[in-house]
Amino acid sequence: MHYTAWFLFFGLVPMLLAMENIIQSTSKSKGKQIFWTTFAGFFIWNTLSIYWVYNSLKTVGEVVAIPISLIPYSLGPLLMSSACWLYYRMRIATSRTWGFVALICFWTGYEYLHQSWDLAFPWMTLGNGFAVAHQWVQWYEYTGVYGGTVWIWLCNILIFLIYVGFREAQTGQVRLKLIAALTAIIALPIGFSLYRYNHYTEQVNPSNIVVVQPNIDPYAKSGEIPTSQQIDILTKLSDSLSQVNTEFFIWPETAIPDYINEDHIRSSNYFLQVQRFLSKYKNGNVITGAETYKLYNSRETKTADAVPGSDQFMDHFNTAVNIENSAEVQFYHKSKLVPGAESLPFGNALSFLKPVFEHLGGAVGAYGGQDQPSELYAASGIGAAPVICYESIWGEWVAKSVRNGAQFIAIITNDGWWENTSGKDQHLDYAKLRAIETRRWVCRSANTGISAFINERGDIVQQSKWWVRTALKQNINLNSDITFYVDHGDYIPKFASLLAIFGILFLGTRIRYKKKTLIKTTA
């Protein structure tokens, strides 16, 4: 809701005040106090926001899932608190002004790290918060969500400075300048955004798309319901809304749950079943989620595992497959993998241990992926950006597919693991930001979540209900124009991260210099 978005402009002020009180105190352990005070606050905020992570883990046991859930609940706050501690060190080393500049860089750098390393979970990136008020951030087509992160910090810092000015010797003239700056920083981006939102027009270039929501319990997909029966459900739902000119049928993540050998997919009964369905649609394509694998005669990738009792190696993939009325088949492998569930964190660094574990009879592999995103093309030349579940919160990853030629975004997901919680709603809202950043329609097929069509302004044009078996049809507009963000990617966090590194080096050098000075003084 729009009213919750307003909290982003001042929600961090109490944390800034708490840090200021500690800095102004006579405590001898200010750094530790700032770290643990901010950690407590961020832990509460983080846990309340992503409480639903527990739901996806409790199948291992309701009690066992609690300590496992503490990892995602705590990791983000630890990084946030580290940014605040670095701000404190910069603050005492320089000034309040430079401290705040550094805080924005340290925080943005933490967010970029948390979308880039093996424990990536960028769900809590501050700029994502405006997904509920997408009309305010149409300028994300220039900055991406990190522009929102900087915007939020600027507003909170200015409100903090205005507030503390009442207890400090702040002149009325300075206060008026701060209020004017705050008003401009809030009003100008919103004003520009609303103007852009109300005057944005799409190029008319229609394509008929059907998204399917089979609503099959994710825990029943493998084993309980035969795969051929699941495909029957998908084809019947697709037929219920299709037109002769329908160009894409989009089925959800792991819609085909049985593993298929990619090199022999054309002889798979499931592939043939989908092609029989497509025979009625001359220009039809099915983009479907599937579990696939590839066999190698040597370890061609770092994620490949040795096949027991064989000299071969195998990679497993969470895949988006494009099937058409020909022998042409295209694959995209999910690459932004869920740490722990789909990937072994820091597995690349530990890959040299694989032969040891395999010799002992263990498996240390995870899903394979791709180094770069790729597109799925219809025979007619229409390009789709395939995005599998968790990947939809990576703006730059999606933007790369668009820059390479994708004319719309196809998100396939399976949000049923979280049950009927706000997790599924947040995931849907984030898709609106991808539409704005790229100015592409988003066609979202969710197995048990919320399927939807989102236009280039980020409006949800159609959406399904939760836990309902249905299909949606929409004429979308294809777009080939490239936005500034698509062309330049995450330039804001990259630049901020570079400044953050310089800041850390500066602090390290200063601490080392102080130690040397202290040694000389006491010698």
Side-chain angles (χ1 to χ4, degrees), residues 207-212 214 227 230-231 234-235 237-238 242 245-294 317-335 367-370 372-389 391-392 397-398 400-402 404-414 440-447 451 453 471 473-474 476 478 480:
S207 179
N208 187 259
I209 312 286
V210 172
V211 298
V212 179
T227 299
Q230 294 185 44
I231 295 175
L234 290 158
T235 56
L237 288 167
S238 299
S242 61
N245 65 335
T246 298
E247 293 183 280
F248 283 93
F249 299 91
I250 303 176
W251 298 352
E253 181 184 17
T254 64
I256 302 177
D258 280 1
Y259 276 105
I260 300 174
N261 186 333
E262 291 188 6
D263 294 324
H264 301 285
I265 190 172
R266 293 167 186 82
S267 60
S268 164
N269 288 330
Y270 307 135
F271 172 81
L272 296 173
Q273 189 177 357
V274 176
Q275 280 217 316
R276 284 194 295 271
F277 156 73
L278 279 175
S279 63
K280 295 172 285 186
Y281 306 98
K282 180 181 178 182
N283 298 319
N285 297 262
V286 168
I287 295 178
T288 179
E291 297 276 6
T292 66
Y293 67 91
K294 286 181 71 70
F317 303 103
N318 185 346
T319 306
V321 185
N322 187 65
I323 302 172
E324 60 181 68
N325 280 308
S326 73
E328 179 70 22
V329 187
Q330 298 166 68
F331 301 95
Y332 166 73
H333 302 134
K334 182 180 181 182
S335 302
Y367 279 106
Q370 302 181 184
Q372 295 294 328
S374 58
E375 303 70 55
L376 302 176
Y377 288 94
S380 61
I382 298 173
V387 180
I388 303 176
C389 190
E391 294 181 318
S392 64
W397 185 261
V398 177
K400 285 181 179 178
S401 285
V402 171
N404 292 338
Q407 294 161 289
F408 75 96
I409 299 167
I411 296 177
I412 61 175
T413 186
N414 189 356
R440 296 294 188 272
W441 273 76
V442 174
C443 307
R444 191 175 195 270
S445 171
N447 175 38
S451 299
F453 285 101
K473 177 177 66 175
Q474 180 72 39
I476 71 169
L478 304 173
S480 297

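Heavy atoms only: backbone and side chains are in, while hydrogens, waters and symmetry mates are out.
With hydrogens and angles disregarded, no donor-acceptor distance shorter than 3.5 Å links the side chain of Asn283 to the backbone of Tyr281. Within the 3.5 Å criterion, the main-chain N or O of Glu375 finds no donor-acceptor partner in the side chain of Ser401. Side-chain atoms of Arg444 never come within 3.5 Å of backbone atoms of Ala410 as a donor-acceptor pair (strictly under, hydrogens ignored). Judged purely by atom type and a 3.5 angstrom limit, Thr254 has no side-chain atom pairing as donor or acceptor with the backbone of Ile256. Looking at Asn325, its side chain does come within 3.5 Å of a backbone N or O of Leu278 through a donor-acceptor pair. No donor-acceptor distance shorter than 3.5 angstrom exists from the side chain of Thr246 to the backbone of Ser242, with no hydrogens or angles considered. Remark: the backbone N or O of Gly383 is paired with a side-chain donor or acceptor of Gln407 at under 3.5 angstrom. Listed for the Glu391 side chain is a donor-acceptor partner under 3.5 Å among the backbone atoms of Ser335.
When side chains are defined from C-beta on, Lys473 does not count as touching Ile209, because their heavy atoms never get closer than 4.5 Å. With a 4.5 Å cut-off on side-chain heavy atoms, Ile412 and Trp251 do not count as touching. Annotation: side chain of Gln230 is not in contact with side chain of Pro214 (no heavy-atom distance under 4.5 Å). With contacts defined as side-chain heavy-atom distances shorter than 4.5 Å, the pair Asn285/Phe249 does not qualify. Residues Val286 and Phe248 have side chains not in contact (no heavy-atom distance under 4.5 Å, counting atoms from C-beta outward).
Not counting sequence neighbours, Tyr332 has no partner by the ring pair (Phe, Tyr, Trp, His ring centres under 6.0 Å) test. In this view, Thr319 and Glu262, Thr292, Phe317, Val321, Phe331, His333 satisfy the side-chain contact (heavy atoms from CB on, under 4.5 Å) rule, not counting sequence neighbours.
Note that CG of Asp258 is 7.5 Å distant from CD1 of Ile260, once rounded to the nearest 0.5 Å. In this structure, the separation between CG on Asn322 and CD1 on Ile287 is 5.0 Å, given to the nearest 0.5 Å. Note that CZ of Phe408 is 12.0 Å distant from CH2 of Trp441, once rounded to the nearest 0.5 Å. To the nearest 0.5 angstrom, Asn245 atom CG is 5.0 Å from Asn208 atom CG. Atoms OG and CG, on Ser207 and Leu478 in that order, are 5.0 Å from each other to the nearest 0.5 Å.
The nearest pair of heavy atoms linking Tyr377 to Ala406 is OH-N, 4.4 Å. Looking at every heavy atom in both residues, Cys443 comes nearest to Val211 through CB-CG1, 4.0 Å. Here the closest non-hydrogen pair linking Glu247 and Ser380 is OE2-OG, 3.8 Å. Of all non-hydrogen atoms in Ser267 and Leu272, the two that sit nearest each other are O-CD1, 4.4 Å. Taking each heavy atom of Ile411 and Ser392 in turn, the nearest pair found is CD1-CB, 3.8 Å. Taking every heavy atom of both residues into account, Val212 and Ser238 meet most closely at CG2-OG, 3.3 Å.
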- Query: Would Val274 and Ile231 satisfy side chain to side chain contact (heavy atoms under 4.5 Å, CB included), going step by step from the backbone distance to the final call?
  - Reply: CA-CA 8 Å; Val274 176; Ile231 295 175; 4.3 Å; yes
- Residue pair Asn261, Lys294: steps toward the side chain to side chain contact (heavy atoms under 4.5 Å, CB included) verdict: CA-CA 6 Å; Asn261 186 333; Lys294 286 181 71 70; 5.6 Å; no
- Task: Please lay out, stage by stage, how Glu291 and Tyr367 fare under the test side chain to side chain donor-acceptor pair (under 3.5 Å).
- Result: CA-CA 10 Å; Glu291 297 276 6; Tyr367 279 106; 3.1 Å; yes
- Query: So Glu324 and Ser326, side chain to side chain donor-acceptor pair (under 3.5 Å) or not? Walk me through it.
  - Reply: CA-CA 5 Å; Glu324 60 181 68; Ser326 73; 2.9 Å; yes
- Item | Test log, rule side chain to side chain contact (heavy atoms under 4.5 Å, CB included), inputs Val387 and Trp397 | CA-CA 9 Å; Val387 180; Trp397 185 261; 5.9 Å; no
- Item | Test side chain to side chain contact (heavy atoms under 4.5 Å, CB included) applied to Val210 and Ile250, step by step | CA-CA 6 Å; Val210 172; Ile250 303 176; over 6 Å; no
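Around NZ of Lys282, the count of heavy atoms belonging to other residues, nucleotides or ligands within 6.0 Å does not exceed 12.
Partner Glu253 forms a side chain to side chain donor-acceptor pair (under 3.5 Å) with one of Asn447, Asn414, Asn318, Thr288 and no other, that one being Asn318.
Inspection of the Ser374 and Gln370 side chains reveals an N or O donor paired with an N or O acceptor under 3.5 Å.
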